[in-house]
**Q** 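Sharing a structure, written as structure tokens. Questions coming.
Remember, it's a predicted structure, so these values are computed and weren't measured experimentally. Just so it is clear: chains get the letters A, B, ... in the order the sequence lines come, proteins before strands, and each one is counted from 1.
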Amino acid sequence: MDGLVDWFCGRLLFWIPFVLSLSVHEYAHALAASWLGDTTAETQGRLTLDPAAHADPVGTVLLPLVGVPFGWAKPVPVNPANFRGAGDGRLGMLLTAAAGPASNGLIAVACALGLGVEHLASPEAALGPSGKVLASTVLMNVTLAMFNLLPVPPLDGSRVVDFLCPDALRPAWSWIYARGGLGIAILLGGSVLLGVDLVSWSRALGQWLVNQALT
Amino acid sequence: MNPRLRTALVWFVLLAVLAGVVWLGSADQYATRTYETLATDVTNQQVSAVEIDGEDLIVHAGAQDYRVKDVAQDDVLSWLDENNVPVRFHPSAANPILAVLLGLAVIGGVIYFLRRRQLGAGGAGGGTTIFDMRRSNARKLTPGVEHTRFADVGGHAEAKEVLADVVDFLKNPARWTSAGVRLPRGVLLEGPPGGGKTLLARAVAGEAGVPVFVISASEFVEMFVGVGAARIRDLFETAKKSAPAVVFIDEIDAVGRRRGSGLGTAHDEREQTLNQLLVCLDGFEPSTRIVVIAATNRSDVLDRALLRPGRFDLRLSLGFPDLEARADILRIHCRSKRMEPGIDLRAIAALTPGVSGAMLEHLCNEAGIRAVRRSRRESVEAIIQTADFTAAVETAAKVERKFDALDALFVESTSQFTQPTGEVYARLTLTDGVIAEGRVLWADSGYVKLQPTPSELGETEGARLIPKGQIRAVEALPGTSLAAEIRPDGWALRRTETA
Ligand SMILES: Nc1ncnc2c1ncn2[C@@H]1O[C@H](COP(=O)(O)OP(=O)(O)OP(=O)(O)O)[C@@H](O)[C@H]1O
Ligand SMILES: [Mg+2]
């Protein structure tokens with residue numbers, strides 16, 4: 001029974017920060033969209049930090065709780081046609097998309113700072129469970145930001161490419177873009193098959209942040 | 001609960017649990033020491049044994065045992081081996097099966113919680129739970145509340161005549177039952193949007209002075225199998241209790257679609273709902289004074305069982321009003337407005353061929369607005385003049401044109417497979433700058449099928465399937481039977497994005 005509780009507590013140490021981070025991520029999208037004039041997300045009740053509004057039963061609850069270090073939340077709907085100002089809404093879409101990863105970056109930095117303060121106060125404690133949670137939250141958020149910035153539809157990074165794409169390459173890009181979920185399927189499937197670690201460099205970056213905080 | 005408070009509460013609980021778990025973890029029976037302590041102890045030969053506990057090492061050294069975090073790695077272990085420190089595994093009581101069971105229970109709980117919340121958010125009042133979902137939320141309008149009369153409906157003379165019988169049946173049933181005739185208990189009103197179907201149904205209730213239960217069929221459509229059927233049963237039971245009564249089911253195509261198409265639970269649910277509706281329509285004796293009126297603008301998709309004699313056997317088609325009817329409708333909607341004497345509403349009606357009742361109502365209101373604007377400018381009384389009407393008609397016509405043929409194809413076809421009724425030639429500018437021209441064969445939620453126009457040289461290409469998401473702008477070309485030129489906003493065609 002003891003081992004069970006231990007195991008479950010271990011999962012919670014990952015899951016709770018994960019759920020909260022995803023909520024902040026989705027909230028950031030919704031907030032950016034509403035600042036820019038589109039209230040689609042707001043009217044659908046997504047302009048909130050409430051995890052229940054963003055949680056996806058499989059991606060937010062099932063997988064991360066059983067120990068898969070991977071997950072997602074429900075995407076926030078955005079209607080670029082509602083963005084204020086000139087242009088065709090692509091800049092607004094870029095900002096809205098970027099807001100999510102940016103929020104994870106902020107969380108990572110904030111947690112790293114927290115870890116640093118804890119380390120100053122007591123180096124021993126920073127190596128204990130609380131420090132471990134902070135460190136894993138830093139890693140998790142750096143990974144979330146980096147992974148979402150991969151230029152593969154429907155990840156946030158693809159909206160950045162959509163904005164930056166030169167007209168000459170647009171036909172090819174639209175072809176990829178229109179296929180949405182296929183890109184991510186190939187990316188994930190391919191990386192698993194080839195044994196490529198997609199997020200190794202973001203883990204390295206996160207580890208660097210943690211080390212920075214600990215010195 | 002206030003959503004902000006709720007959010008704060010959820011965060012608080014989650015963070016409290018996190019803190020609790022962290023605190024439990026810190027209350028370890030072993031104190032934590034750094035790797036340096038271990039190194040010194042090993043060199044001083046103080047260490048009697050080391051146990052591996054996950055990533056950590058538990059060190060048995062002299063007076064005190066302690067834990068060193070995250071050092072159970074190969075190099076450390078071989079280094080311990082070289083220093084003749086015995087290494088073994090820390091006995092752990094982990095029971096994987098129980099762990100998985102507990103995990104599944106928690107996950108089930110969370111999913112249940114989320115489901116319930118979603119239902120709550122979906123319900124009109126926000127507080128619906130799974131338990132009261134079965135009640136139909138038909139709004140009951142009691143007699144006296146419904147003020148609409150036949151006189152408020154312009155045109156539709158035949159329909160009114162037939163419905164007058166229905167009203168009479170509700171008021172004086174004896175006359176009909178003693179004659180031994182069976183009156184239709186289901187009336188289906190069909191016709192284009194804005195033709196006055198809802199209005200006419202309300203007029204029947206108003207004339208008869210009986211309670212009317214109004215529900216939109218889309219309210220029967222739910223995610224869970226059986227809920228829609230339960231709501232229908234509830235609706236009819238309540239209606240029976242307050243007979244004589246009118247049950248009005250608006251937009252009945254939402255549940256009344258032909259059965260047997262498609263797969264999956266959504267269809268099971270709809271079929272059950274439809275079956276229940278059929279049963280309820282059969283369910284009451286001819287003497288029960290309940291009349292069911294249904295409205296739709298897609299009678300072509302309705303299940304045939306709904307339309308057979310004994311159910312919705314009275315079908316009234318409410319088309320667009322003719323000249324006389326249009327003048328009538330204008331008169332009705334101008335009753336409460338101040339008009340210049342001698343204004344000829346019939347002449348104005350002549351300006352608006354093929355226009356719906358709803359549009360005429362809109363025109364009267366527009367004309368009124370123009371009159372008020374003028375009265376403010378010139379500080380005179382707001383009296384509608386003929387010029388206000390002609391101006392309103394012109395503006396409306398401009399707007400209306402934009403919504404014609406292509407709109408029907410591109411906007412209304414968001415979920416259904418739609419074929420243009422007439423010839424539609426369009427020029428589509430795609431996101432990649434390519435321009436496609438040709439005759440539109442059909443459109444559905446995702447794609448438009450275009451038969452490219454043969455080039456000058458006479459070579460013909462095969463039809464192209466174009467994803468709507470790639471369309472930037474649409475323009476109708478000459479030859480289109482309904483619209484001269486349409487330039488909808490390219491973005492309006494884009495499906496909602498996600499982030
Ligand atoms: N024949 C009519 N006489 C008077 N007013 C009418 C008539 N037809 C439509 N109107 C006006 O148009 C408005 C909308 O009509 P109504 O709601 O009855 O349309 P509908 O046929 O039910 O359309 P939908 O199929 O979109 O539900 C009415 O409230 C009324 O003001
Ligand atoms: Mg209606």
**Q** With rounding to the nearest 0.5 angstrom, report the CG to CZ distance, A/Leu49 to B/Arg4.
**A**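 Reported to 0.5 Å precision, the distance equals 10.0 Å.
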
**Q** Taking atom CG as the centre, does B/Asp75 end up with more than 12 heavy-atom neighbours from other residues, nucleotides or ligands that are less than 6.0 angstrom away?
**A**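 Atom CG in B/Asp75 is crowded, with more than 12 foreign heavy atoms closer than 6.0 Å.
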
**Q** Could you report the tightest heavy-atom contact between B/Leu18 and A/Ile16, atom names first, then the distance?
**A**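 Reported closest heavy-atom pair: N-CD1, 3.8 Å.
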
**Q** Report, as yes or no, whether the 6.0 Å neighbourhood of atom CH2 on A/Trp35 holds more than 12 heavy atoms from other residues, nucleotides or ligands.
**A**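 At most 12 heavy atoms, drawn from other residues, nucleotides or ligands, come within 6.0 Å of this atom.
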
**Q** Taking all atoms of both residues into account, what is the closest heavy-atom pair of A/Leu20 and B/Leu14, and its distance?
**A**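 Smallest heavy-atom distance, with atoms named: CD2-CD1, 3.7 Å.
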
